[in-house]
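Bear in mind the structure is a predicted one, so any value in this text is a computation, not a measurement.
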Protein chains: 2
Amino acid sequence: MSLPHAILTALLEKPSSGLELTRRFDRSIGYFWSATHQQIYRELGKLEQAGHIRALPAQAPARGQKKEYEVLPAGRAELAAWVRRSEDPKPIRDALLLRLRAAAVVGTEGFGDELRRHLALHRAQLAEYLAMEERQFPPERDSEADRLRHLVLRGGIELERFWTAWLTEALAEFDRRDC
Amino acid sequence: MSLPHAILTALLEKPSSGLELTRRFDRSIGYFWSATHQQIYRELGKLEQAGHIRALPAQAPARGQKKEYEVLPAGRAELAAWVRRSEDPKPIRDALLLRLRAAAVVGTEGFGDELRRHLALHRAQLAEYLAMEERQFPPERDSEADRLRHLVLRGGIELERFWTAWLTEALAEFDRRDC
DNA sequence: CGTCCTTGTGCAACAAGTTGCATAAGAATC
DNA sequence: GATTCTTATGCAACTTGTTGCACAAGGACG
């Protein structure tokens, strides 16, 4: 039940149309929550019906026409309540770790390349986050909310650092064996 | 499409019944892939129909009767093919990071306690993994496959270390503000 | 002997996420 | 003025994961 809350957060930060939201979910919001445009449009419909958001007027509600949404007080209240609810961390479900475990049983042939590919992807992601950090959070200019958002971004950054470190270690192990 | 492969891997490591699998998914397998018993039973049925596994004979196929499964050659082949397929890492979807970002907008009241709770949970998980590491991977007694499995476990360990470190940092930030 | 607990398997309904495609306005191109 | 590209919204079908409950065998207890 997190997607509606992700959308409410995004809309509070800045009212947007479905496609704009999709783009934001592909970039900044993407480092802690991902979603496709289908999910987003569907959820926007539900949120509107529930009275949590509304379409800004002055736009014809026609197909192919941009439709901007803003959060209503009820939506903000729902988001605040959700933030206060306590929720256990979800258990991990990582396909790469699983595949490595499977490789331990059926053979590792070709798996080194896959590890290298992932390493490159995570390095690229890390570089992107670091660039975002420099752009969005220059030193000594943090408001209250900025400091929290920075903390969230640092979470994304450290996660990517974890992956690059682990993949590097894994590759070292592989190279020691294959040569 | 990873659950069937997780089950194949588990069954190759040791033939098991549905409930035994469920228990293994709650412990060792759980640090890279989680699943409920419902998912497991459903998937066992599908895998059997697909000819990837079979129930060991000598057991009446009655309700409430234990039913052990083993992997057939076709299942092993499917698993090997899956390990060789390349698959991109899935984008992150973490509810706690999302909630912190939401808290930056609607207020952080009470969120420190939630962070502390998560920190305790992750510390406990980390301790458990470290105990597993000592038990299952004593120094200098690694086979080929053991080294890979150890690598996977170290992934789980480092992930928990990441969380404890990030949560500690986040709490420091919170305490600086609240006092 | 009845009922209660544990172990074990499983159905059904639902919720969340994914994939493929349809539709439509408007601008660009020729 | 017909075609094609981009921006934008959306439906339908499917797959995956979750929740709640039902059913059954066997042992434990009084």
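- Between B/Leu44 atom CG and D/dT16 atom C1' there is a gap of 16 Å when expressed in whole angstrom units.
- Counting heavy-atom neighbours within 6.0 Å of B/Gln136 CD, excluding the residue itself, gives a total above 12.
- Rounding to the nearest 0.5 Å places CD of A/Glu173 at 6.5 Å from CG of B/Leu148.
- Note on ring orientation: taking the six-membered ring where Trp is involved, the planes of A/Phe174 and A/Phe111 are tilted (angle from 30° to 60°).
- In this entry the distance linking CD1 of B/Ile40 with P of C/dT7 reads 17 Å, nearest Å.
- Rounding to whole angstrom units, OH of residue B/Tyr41 and P of C/dC11 are separated by 11 Å.
- Atoms CD (A/Glu48) and P (D/dT9) sit 12 Å apart, rounded to a whole Å.
- Taking a 4.0 Å limit (strictly below) on heavy-atom distances, residues 10-25 of chain B does not reach DNA chain D anywhere.
- Nearest heavy atom pair, residue A/Val83 against residue B/Arg99, reads O-NH1, 3.3 Å.
- Ring orientation note: the planes of B/His118 and B/His122 are tilted relative to one another, at an angle of 30° to 60°.
- The pair B/Glu133-B/Arg154 does not count as a salt bridge, with every side-chain nitrogen at least 4.0 angstrom from each carboxylate oxygen.
- As rounded to whole Å, 16 Å separates atom C1' of C/dG8 from atom CG of B/Leu56.
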Got a list of protein N/O to nucleotides 18-20 of chain C N/O distances below 3.5 Å?
residue, atom, partner, partner atom, Å
C/dT18, OP2, A/Gln39, OE1, 3.2
C/dT18, OP2, B/Arg93, NH2, 3.0
C/dT18, O4, A/Arg42, NH2, 2.4
C/dG20, O6, A/Gln38, OE1, 3.4
C/dG20, O6, A/Gln38, NE2, 2.7

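- For CZ of B/Arg85, the number of neighbouring non-hydrogen atoms (other residues, nucleotides, ligands) closer than 6.0 Å is greater than 12.
- Regarding A/Glu43, its CD atom lies at a distance of 16 Å from the C1' atom of D/dT9, rounded to whole Å.
- More than 12 heavy atoms of other residues, nucleotides or ligands shown are found within 6.0 angstrom of CD on B/Glu169.
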